Amino acid sequence: MPEPEPKEPGSLTPDEAVTPAGGGASSLATSDAETLEGGPIPGGTASGKARSLWSDAWHDLRRNPVFVVSALIILFLVLIALWPGLIASGNPLACDLAKAQEGSQPGHPFGFDTQGCDVYTRTVHGARASITVGICATAGAALLGSVLGGLAGFFGGWWDALLSRVADIFFGIPIILGGLVFLSVVTGGSLWPVVGFIVLLGWPQISRIARGSVVTARQHDYVQAARALGAGNTRLLLRHIAPNAVAPVIVVATIALGTYIALEATLSFLGVGLKPPTVSWGIDISNASTQIRNAPHMLLWPAGALSITVLAFIMLGDAVRDALDPKLR
């Protein structure tokens, strides 16, 4: 019998190329990639398995110093919002007019305001109102906008056209003017009217992001294959489209959270947002604005806390965007 011709190094017969047990082209490509790079293929785990979008994003976030710093700041702010007594045991409503506008003293590092209230205690307790408004408003706007935008992007037709026109109307309302009109009618000065107003004007932005993501995901081959196999609309939305369309919504909502906290402080500063006896950074900034020359410490500390909080959430949103957007890798 004639001897088989010797094969060139690295060549495979057709049977070997399509047989997974024999290694095949996939195994050869993986082996070559690991040899050239000196390790597993990028985007894979130590065992060679490819990571999902979320695990890959978490892998990048843990190594991003911007994310780590902003997450630690936000974690600290959430802790003092839940338990302000951990670092400020005083009563933010306890005031002594004899100490009005006095500067830093032992036990009172931030001084006193015009009513003789401890600025440090009020700054710490003010985190609760601002962060509560930001989180609740973001959750409400994200939920409402995602549902409406997702349904419009999936079904299209008259529902999509109607939602787009309604969103255009809300986009045309100046947010500060709308807040002055809406909140001046709704009296009480509590958290929930402010949250409701922010949700009312915040959902159109989320809905447009959700609509675009759903329209893009709906055109993918795996969605068409699931539909061809008999999957209903509910299964397509919840199992195939929503998990692949939610990433842009999370990014926009995270960045918007810091914006909503600043908006609450602005409305409180203008006198139509939160009102006493609620402790808020916006209220303290408003009270200190007339005494900035005589007692600048009254304005410095609540304004600084507000700026750090807004910056931390915006930095967190930027880091999440960089991790979830494949175009930025």
Side-chain angles (χ1 to χ4, degrees), residues 81 113-115 122 125-149 151-152 159-211 249 252-292 298-299 302-303 305-307 309-311 313-314 317:
D113 62 10
T114 53
Q115 300 297 321
R122 290 187 64 85
H125 282 260
R128 171 174 294 180
S130 297
I131 292 179
T132 300
V133 169
I135 292 177
C136 293
T138 302
L143 180 61
L144 181 61
S146 297
V147 172
L148 295 179
L151 293 177
W159 172 251
D160 187 13
L162 176 63
L163 181 70
S164 299
R165 300 296 76 78
V166 173
D168 290 339
I169 294 174
F170 281 96
F171 274 121
I173 301 176
I175 193 165
I176 300 299
L177 179 60
L180 290 173
V181 174
F182 179 83
L183 295 175
S184 61
V185 176
V186 181
T187 59
S190 61
L191 292 173
W192 303 116
V194 179
V195 171
F197 166 74
I198 296 176
V199 171
L200 185 64
L201 292 189
W203 71 266
Q205 179 188 18
I206 303 292
S207 70
R208 288 198 169 181
I209 299 298
R211 176 192 175 278
V249 175
V252 173
T254 306
I255 298 176
L257 200 156
T259 305
Y260 294 159
I261 292 176
L263 176 60
E264 176 274 318
T266 302
L267 295 173
S268 299
F269 177 83
L270 296 175
V272 296
L274 303 181
K275 298 178 182 179
T278 305
V279 181
S280 167
W281 290 330
I283 295 175
D284 290 347
I285 293 172
S286 178
N287 294 334
S289 61
T290 58
Q291 303 294 331
I292 187 172
M298 293 171 48
L299 178 65
L306 175 64
S307 300
T309 303
V310 173
L311 179 61
F313 279 105
I314 292 177

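What's counted below: heavy atoms across the whole structure, side chains too, no hydrogens, waters or symmetry copies. Quick caveat: nothing in here was measured; it's all calculated off a predicted structure.
Between the NE2 atom in H125 and the CG atom in D284 there is a gap of 12.0 Å [rounded to 0.5 Å]. Atom OH of Y260 is separated from atom CG of L257 by 8.5 Å, given to the nearest 0.5 angstrom. Remark: L148 CG to D160 CG distance equals 11.5 Å, nearest 0.5 Å. The line from OG of S280 to CZ of F269 is 12.0 Å long, rounded to the nearest 0.5 Å. One distance of note links OG of S164 with CZ of R208; it measures 6.5 Å at 0.5 Å rounding. Atom OG1 in T138 sits 8.0 Å away from atom CD1 in I198 (nearest 0.5 Å).
When all heavy atoms of L163 and A152 are compared, the pair lying nearest together is CD2-CB, 3.5 Å. Nearest heavy atom pair, residue I131 against residue A81, reads CD1-CB, 4.2 Å. In terms of heavy-atom proximity, S207 sits nearest to P204 at OG-O, 2.7 Å. Taking both residues in full, the closest heavy atoms of L201 and F170 are given as CD2-CD2, 3.7 Å, listed atom of the first, atom of the second, then distance. S130 and E264 get closest at one heavy-atom pair: OG-OE1, 3.3 Å. Between G317 and I255, the shortest heavy-atom contact is CA-CG1, 3.6 Å.
Remark: the backbone N or O of G282 is not paired with any side-chain donor or acceptor of S286 at under 3.5 angstrom. No donor-acceptor pair under 3.5 Å is formed between the side chain of S146 and the backbone N or O of L143. With hydrogens and angles disregarded, a donor-acceptor distance shorter than 3.5 Å links the side chain of T278 to the backbone of K275.
Of the listed residues (V133, T266, L306), just one forms a side-chain contact (heavy atoms from CB on, under 4.5 Å) with I261, and that residue is L306. Checked options S268, P277, P302; the residue passing with I283 is S268 (criterion: side-chain contact (heavy atoms from CB on, under 4.5 Å)).
Within the 4.5 Å cutoff, side-chain heavy atoms of W203 are placed close to those of V166. No side-chain heavy atom of V310 sits under 4.5 Å from any side-chain heavy atom of T259. A 4.5 Å side-chain heavy-atom check between V195 and W192 finds at least one atom pair inside the cut-off.
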Chi angles and distances behind the side chain to side chain contact (heavy atoms under 4.5 Å, CB included) call for F197, I175: CA-CA 9 Å; F197 166 74; I175 193 165; 4.3 Å; yes
May I have the step-by-step check of side chain to side chain contact (heavy atoms under 4.5 Å, CB included) for L274 and L267, ending in yes or no? CA-CA 8 Å; L274 303 181; L267 295 173; over 6 Å; no
For I176 and L270, what are the C-alpha separation, side-chain angles and deciding distance, and is it a side chain to side chain contact (heavy atoms under 4.5 Å, CB included)? CA-CA 9 Å; I176 300 299; L270 296 175; 3.8 Å; yes
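For the residue pair T114 and Q291, no side-chain donor N or O sits within less than 3.5 Å of a side-chain acceptor on the partner.
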